[in-house]
Amino acid sequence: MTMMVRLLLVSLVSIGLVSPLAAQTAPRGVVVAQEARAARIGADVLARGGNAVDAAVAVGFAMAVTYPRAGNIGGGGFMLIHLAASGLTSAIDYRETAPAAATRDMFLDANGEADPKKSRDSALSIGVPGTVAGMAMALDRYGSGKFSLADLIAPAIVLARDGIPIEADVADSLPFWSERMRRWPASAKIFLNTDRLVQRDLAATLAAIARDGPDGFYKGRVAETLAAAIREAGGIMTTADLANYRAIERMPMRGIYRGHTILSMPPSSSGGVVLVEMLNILEGYDLGSLDAPARAHLLVEAMKRAYADRAVFLGDPEQVNAPLAQLTSKDYAATLRATIDPARATPGNAIRPVLAPRREGSNTTHFSVMDAAGNAVSNTYTLNFSYGLGMVAEGTGVLLNNELDDFAAKPGAPNAYGLTGGEANAPGPGKRPLSSMTPTIVLKDGKAVVVTGSPGGSRIINAVLQVIVNTLDLKMPIGDAVAAPRLHQQWIPEEVQAETAMPRDVVDGLIARGHRVMTIRPATSANSIAVAQDGAIVGAADMRTRGALAAGE
Ligand code: GLY
């Protein structure tokens, strides 16, 4: 391929006009991620006899170096683990928490209005990072025992210390975020005006974690330096907040869809609840026999109803008692299905009186791992915005998140209909802000057959939904299921987003049914794995965002 043709292909892919398949059969296991170096590091762990959890931990630390816009140790996320031998599935919640000094009104201005500058652009927005605790918990409880944390962090330390060329995603994304980063001298020094990303402070921080385990991050010099930098920048995080951080192992959210078990993330992510609610609604239709526009309409109507519930009910489960069993029950889905008109869009207000819309960050990253024994890991983690707050804490190399913007900054304020909204997701001390991250594993007869998830803020859950529907209802091979153009609707705003590659008849069919359709560039990336009928493990990298696949051999 000539350079011109390659460049043309890359740009067409990036604007969603073509989606070449990047699927590969991998008998000895596979890692599918958004960055190639990290994927290869994970695949190397598989090749050396590590299990999927070992590989995932190595990828998680490597991406903090090689994919700094979302890979992180200064943010948080969720890891779903399925072990083939025992059939056990674990959901590790390593979401960031609000510092102990957080208050319900911390993101309001002097007039009592939500102030996005505080919740997105200031050091107040930084949540206590969870990634190091989450990775360590996963390895400790479910690793093969053949690799120590230090073994798995070692490749990341080398890459941070020796540096990597600024190319691919880093080269593409940095120009958009450089102004935010320029505000922090420690960030500018590392990321700007250079063609090589050398992160020596980060290497030293990673080395402290390799030596002392999570204590190397949450206690001692690194924690003191992090807390001092954050407070210097106007934040409220203390060393006690860092020392008190805990990842939490939860029961996965579980649903049944057409004879398959759907396992996904429970709150503090909304992902699993909303996904299961949508699938329950859709199970009442023979989606495979419908034409594409009719099917798209039903998907959109299911999305609307489940996202409306998300806005009202969900929040940190340590603080909010959401009716999860009801929201994910087949009976409730049947009552929602009965309100869907197959010929006409239901207005948002007819589903629930409209609350104020809430913006969510859209830059996160997902990777899927499966080893030859069928153990599976689905991991999504984030700094919220690309490069988070843009602030590297001086002396640590750690890019910090602005995750606390995922709280509803102004809960309890009456909306146009006099309703109060967002109570369940109000900021508060120690609270986890509600996420949309949806790492998911689908089982058939107890075995993992699909591993998927995506970045994309509020679009994440719908991206996962469509990979599942494409796979289970439309019987697409995983490469096609991932590449197929996607739709998104989130109740409010009252619009359907359709990727540029969405076929015209689907867009026209939605408009004819009364939907307002906006065309968008792809904003999700569902790096996935499936097990074919003959048992072959097939990885599918999502070429919307330079997905990368590395086989374990
Ligand atoms: N920050 C995006 C999410 O957690 O859903």
Side-chain angles (χ1 to χ4, degrees), residues 34 60 63 67-72 74-80 91-98 107 116 119-121 124-131 134 173 177 180 247-248 250 253 264-275 303 306-307 309-311 313-317 357-367 378-390 399-409 422 424-425 427 431-440 452-465 488 490-492 523-526 545:
Q34 266 182 282
M63 286 187 79
Y67 195 80
R69 74 144 107 182
N72 70 79
F78 301 92
M79 185 184 284
L80 195 67
I92 296 183
D93 174 340
Y94 59 96
R95 181 71 160 166
E96 301 92 325
T97 54
F107 298 127
S119 64
R120 295 170 203 170
D121 300 336
L124 285 176
S125 69
I126 304 168
V128 184
T131 298
S173 60
W177 299 93
R180 277 173 77 76
I248 300 175
R250 302 190 189 278
M253 177 54 55
S264 193
M265 200 48 65
S268 61
S269 180
S270 61
V273 178
V274 175
L275 177 67
M303 291 170 183
Y307 273 77
D309 284 344
R310 176 199 193 279
F313 292 114
L314 301 182
D316 183 343
R358 190 168 65 80
R359 192 208 154 279
E360 282 187 73
S362 61
N363 288 290
T364 296
T365 188
H366 176 81
F367 56 86
S378 182
N379 187 88
T380 316
Y381 70 156
T382 190
L383 292 164
N384 195 24
F385 285 16
S386 271
Y387 302 95
L389 179 60
L399 255 173
L400 291 161
N401 67 83
N402 61 347
E403 209 72 61
L404 302 193
D405 189 53
D406 276 351
F407 282 123
N425 191 29
K431 264 184 97 172
R432 285 161 147 85
L434 186 64
S435 172
S436 296
M437 290 186 267
T438 315
T440 296
T452 189
S454 179
S458 57
R459 300 183 187 96
I460 292 173
I461 320 173
N462 287 334
V464 172
L465 172 77
H488 172 69
Q490 60 179 52
W491 176 48
I492 302 299
T524 51
S525 178
T545 52

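When a ligand or atom number is given, it counts from 1 through the structure's own listing order.
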Can you tell me if [X] uses its side chain to pair, donor with acceptor, with the backbone of [Y] under 3.5 Å?
| X | Y | value |
| --- | --- | --- |
| N384 | N402 | yes |
| R180 | G388 | yes |
| N363 | G456 | no |

#### Entry: T382 N/O to ligand 1 N/O under 3.5 Å
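No, since none of the N or O atoms of T382 sits under 3.5 Å from an N or O of ligand 1.
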### Task
Look only at interatomic distance and state if T364 has a nitrogen or oxygen under 3.5 Å from any nitrogen or oxygen of ligand 1.
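Such a contact does not occur with ligand 1.
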### Message
Heavy atoms only, cut-off 4.0 Å: how does R459 contact ligand 1, side chain, backbone, both, or neither?
### Response
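Contact part for R459 vs ligand 1: neither.
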### Query
Pick one: which of K431, M437, R95 meets side chain to side chain contact (heavy atoms under 4.5 Å, CB included) with S268?
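Option passing the side chain to side chain contact (heavy atoms under 4.5 Å, CB included) with S268: R95.
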